[in-house]
Every structure is written in C-alpha cells, then in structure tokens.
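This is a predicted model, so every value here is computed, not measured. Residue numbers start at 1 and run along the sequence shown.
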Amino acid sequence: LVICDEPVSALDVSIQAQIINLLKELQIKDNLTYIFISHDLSVVKYITDEIMVMYLGNVMEHGDTDDIFENPLHPYTKALFSAVPVPDPDAKMNRIILKGDIPSPANPPKGCKFHTRCEKCMSVCQLKQPKFIEYNENHKVACHLYDNEIMADLKMLAIDLGASSGRGIVGRFDGERLTLEENHRFSNDPVITSGSFNWDILRIFHEIKESIRKCALSDDRDIASIGIDTWGVDFGLIDRDGQLLGNPVCYRDARTAGVPEEVAKIINPSEHYATTGIQVMEINTLSQLYSMKGSAQLDAAAHLLFMPDLFSYFLTGTINNEYCIASTSELLDARQRDWSWQTIDALGLPRHIFGPIVMPGTVRGKLRADIAEETGLGEVEVVAVGSHDTASAVAAVPAEEDGSLVAFLSSGTWSLLGVELAEPVLTEAARLAEFTNEGGVEGRIRFLQNITGLWILQRLMSEWKEQGEEQTFGELLPAAER
C-alpha cells in the first residue's frame with residue numbers, strides 16, 4: 001500500500017505525465033495499491049479505479065471511477081466536476097459556483113457538513129447527518145436527496161401564476177411517485193388605473209396566502225417547502241425602506257411602444273443578441289426599464305424584483321433574483337448566467353437595483369413570523385424554483401438521461417416551442433430567425449420561439465363573461481372540433 005498525497009501537483013505537465021506513467025508501471029509490476037490524494041480530477045480519472053470524494057473530512061460519495069464521472073450524484077461532486085478544464089476551445093463550460101466560505105474543520109456545521117454551501121439544502125440537511133446510501137452496486141452517496149426514508153411523504157406547495165389565472169398545487173412524493181393536487185385557484189385580472197395597465201399585486205398575494213392557509217387547515221400542514229413560478233419580464237421596484245413602489249405594470253402596457261428602436265440606436269442589435277441571446281420585444285424588462293428612465297419611481301428604487309422574486313420577498317423578506325426569470329429580461333449575459341453590466345451601463349440603468357442571481361433549488365428563506373402566524377402554517381422554507389413558469393414546465397418534461405434532444409411545446413397565454421440545451425445559441429442566424437435563449441433549471445438553456453398562444457381566446461372569454469355569456473374551455477374545445 002502506497003499513500004500518494006498530491007504527488008504531482010507542483011510539477012509541470014510533462015513531468016506530471018512521466019510520474020503518473022511511472023506510478024502506473026510500478027502498480028502493475030509490483031501489484032501495488034495506491035491511496036491517491038489529489039485535487040486534480042483529470043489526473044484522478046486517469047490513474048484511479050475507485051474514487052472517494054471528501055469534504056471537511058467526511059465522505060460525500062464513493063464508487064467506481066467511470067460510474068462517478070459519468071453520473072456524479074452529490075451536489076459537491078457535481079460542483080467539482082464542473083470545474084474540470086476541457087481541452088477544447090469551442091467547448092462550453094457550465095460552472096457550478098459554490099457560495100460562501102468553507103467552515104472550520106475544528107467547528108464543522110451540524111447535519112450535513114456541506115449544507116452551508118449547497119444550493120439543494122433542505123431543512124433536514126441542517127439537522128441530520130446523511131446516511132451513506134447505496135445508489136447502485138458500485139456507487140454510494142451521503143446525501144438526503146437519495147434517502148427514500150427522508151424523501152418519502154415529502155410535501156411541497158407550488159404556487160403557479162399565469163397571466164390570466166393562478167393556482168396552488170400540493171405535490172406529494174412517496175419516494176417513488178409524485179402526485180399533484182390543486183388546493184386553490186383564482187383569476188388574475190390586470191387593472192387599468194390612471195391610464196396604466198397594472199397587476200393587482202396585493203390581491204394576488206392575498207390569494208397566495210389563501211393557498212398557504214388551506215394547507216395549514218388540512219392534512220397538508222406538514223409541507224416542507226413553498227415554490228413560486230410566474231410569467232416572465234414583469235417586475236416590482238422596492239425602495240430603500242423595503243416598500244413596494246406602486247403596482248407592477250403589465251407587459252402589455254403601451255409605455256414601451258417604440259423603445260426597441262431607440263435601444264437599437266445605442267446598442268448594436270447583433271452584438272446585443274450575441275451577449276443576451278434574447279429576442280428583442282417591446283414587452284421585455286429592458287424596454288420597460290428604459291421607458292422609466294428619469295421617472296420618480298425608478299429614481300427611488302433600491303431593488304428590482306421579478307414577480308416570483310417579489311412574492312418570495314413578501315413571504316420571507318429576502319431579496320434576490322432567480323436565474324430563470326432574470327433571463328427573460330434581455331439584461332442577462334447568456335453565457336455567464338449573470339447580469340450583463342455592459343448592457344446595463346450602455347442604457348444608463350442604475351446598477352444597484354439588480355440583485356444577486358440565485359439558481360433554482362436555492363432556499364430563499366423561511367416564512368416571515370407574521371406570515372407564518374397569519375396563515376397558521378409555521379416557518380416553512382421558500383425555495384427558488386425554475387421561477388419562470390416555462391422553466392418549471394420544461395424541467396418536468398419526461399426526457400431521457402442520455403442527453404438526447406427533446407422538443408417541448410408549453411402552451412398558455414403564450415405558447416413556446418423549443419429544445420433544452422447545455423449552452424446558448426448566439427449566432428446571427430438564430431437572431432434573424434427570432435429564437436430566444438432563456439435560462440433553465442440546473443443552468444441549462446431553453447432555446448425557443450414565442451408563438452401565438454391562448455391570449456386572443458382568453459380575451460374573448462373575458463368579454464363574453466362581461467356580456468353574461470360565460471364560456472369554459474370544456475365547452476369551447478369540443479365545439480371547435482365540430
């Protein structure tokens with residue numbers, strides 16, 4: 001048995017190769033077993049038969065080298081592998097950036113030692129050390145995500161808000177099967193005030209709390225977390241005292257008419273698309289903010305929160321911007337998965353209103369004490385999901401794990417047709433064809449086109465209702481087929 005502690009880390013590449021090859025020769029010649037300690041995963045992959053991934057002295061994952069490299073399970077392993085350089089200048093890297101500092105080994109955190117930096121952290125991770133779970137015969141992992149006893153009977157509340165209606169859905173996972181049950185439904189009706197087309201934000205928040213309250217008054221009082229998704233591009237502005245500056249304006253408001261043409265005079269459209277990858281549309285956040293330049297509201301703003309960010313802020317008091325919803329703004333760098341400061345500065349928008357980007361799976365915080373008391377549910381965690389509704393819909397597509405492309409069609413007020421990719425397509429051909437690159441769960445890209453959805457039919461149904469001739473989809477669809 002030979003213990004090799006970082007044996008080649010201080011050597012240049014050519015010497016490294018010679019030493020590694022020598023170790024391989026000696027291993028075969030003298031029937032040696034190595035314990036090879038290294039941070040260089042490319043070397044680890046080459047020389048080892050088994051891998052043990054450790055963090056603060058604790059084993060996170062263990063298994064055959066090929067199995068772990070092909071299918072890393074633990075969030076820490078995935079983050080490490082995302083940092084491995086690829087010797088291909090055209091390869092696109094999807095880095096997982098760990099937040100926070102490494103805790104002291106002398107005073108490690110309770111529960112899972114990685115939970116302070118893990119975007120998948122659940123309440124149980126903070127309290128209970130995970131068991132070593134046998135994922136398959138040659139692969140084990142210490143993570144609650146793979147513990148069927150922990151995950152069994154897991155309940156979650158999803159708040160799904162569309163541009164015409166909203167609903168609360170309780171999801172139940174028994175370790176094998178996910179079931180969904182709607183517990184609340186309501187209409188979402190923009191209101192015209194002083195010539196502005198606004199969302200009735202406080203009524204929507206009231207309906208969210210109604211869904212939470214129904215959980216508290218039922219057998220679903222033990223839900224583990226709450227997630228919120230909404231339509232894209234719209235936002236609320238928060239002042240320095242933490243108060244909302246007016247009702248958020250609906251993307252169909254006329255204030256953005258002609259803005260894309262004005263922006264095109266400042267930013268080259270081809271270069272702009274090569275950065276953001278988003279189809280230029282009057283409804284986008286970029287156009288909305290540009291139309292507000294010089295307004296008292298924008299001047300007073302301390303934070304910009306997209307609709308799911310805003311409702312999560314109302315529930316938790318935590319301010320941040322989730323990646324998927326932020327990507328619809330036309331202000332995000334599609335490659336970097338962060339704000340395009342070059343675009344923001346070119347348009348003269350205030351930098352300070354754009355908050356930290358968090359990825360789906362991040363725990364935003366727990367219900368505020370007053371909300372917990374009002375609803376009767378307790379201090380349940382609110383988790384950032386793929387908070388653009390299409391991102392969550394695409395994440396639920398039953399695709400194979402072999403990496404093959406799967407097309408999707410997500411229909412609502414808008415319909416969206418596309419595929420999910422590892423990296424954005426930022427070519428001039430994609431721009432001219434009016435494709436858009438929106439963020440997806442796990443940092444992926446939804447490469448899609450916006451096409452005609454149900455908006456016209458929804459408006460007709462609204463007018464028929466006002467005239468006393470209410471119609472439902474259940475009545476209209478069979479009639480359309482005749």
Under a plain distance cut-off of 3.5 Å, with no hydrogens placed, do Asn450 and Glu434 share a side-chain donor-acceptor pair? no
Between Glu207 and Ile204, is any pair of side-chain heavy atoms under 4.5 Å apart? no
Under a plain distance cut-off of 3.5 Å, with no hydrogens placed, do Glu61 and Thr77 share a side-chain donor-acceptor pair? yes
Phe354 and His352: aromatic ring centres closer than 6.0 Å? no
For the pair Thr328 (side chain) and Val233 (backbone), establish whether a donor and an acceptor sit closer than 3.5 Å, ignoring hydrogens and angles. yes
Closest heavy-atom contact between Glu379 and Ala372? N-CB, 4.0 Å
Pair Thr436, Gln279: side-chain N/O donor-acceptor within cut-off below 3.5 Å: no
Over 60° means perpendicular and under 30° means parallel, so tell me whether Phe132 and His62 are parallel, tilted or perpendicular. parallel
Ionic contact status for Asp101 with Arg117, cut-off 4.0 Å: no
Examine the side chains of Arg446 and His388 and answer whether a donor and an acceptor come within less than 3.5 Å of each other. yes
Sorted by chain and number, sequence neighbours left out, side-chain contact (heavy atoms from CB on, under 4.5 Å) with Asn198 holds for Thr193, Ser196, Asn247, Val249
Please determine, by modelled atom types, if Asp67 and Asn136 share a side-chain donor-acceptor pair under 3.5 angstrom. yes
Give a yes or no on whether Lys293 atom NZ has more than 12 heavy-atom contacts from other residues, nucleotides or ligands under 6.0 Å away. yes
To the closest 0.5 Å, what do you measure between CH2 (Trp339) and CG (Leu349)? 10.5 Å
To the nearest 0.5 angstrom, please state how far the OH atom of Tyr290 sits from the CD atom of Glu262. 6.0 Å
With sequence neighbours excluded, tell me which residues meet ring pair (Phe, Tyr, Trp, His ring centres under 6.0 Å) with Phe311. none
Tested for side-chain contact (heavy atoms from CB on, under 4.5 Å) against Leu244, the lone hit among Asp239, Leu305, Ile238 is Ile238
So among Asn320, Thr318, Thr316, which one has a side chain to side chain donor-acceptor pair (under 3.5 Å) with Arg364? Asn320
With a 4.5 Å heavy-atom cut-off, do Glu374 and Arg213 have their side chains touching? yes
Ring-plane angle category for His74 and Tyr76, please: parallel below 30°, perpendicular beyond 60°, tilted otherwise. perpendicular
Nearest heavy atoms of Cys215 and Val170, plus distance in Å: SG-CG2, 3.9 Å
If only side-chain N and O atoms count, and only distance matters, is there a donor-acceptor pair under 3.5 Å linking Trp231 with Asp389? no
Have Gln129 and Lys113 got a donor and an acceptor in their side chains that come within less than 3.5 Å? yes
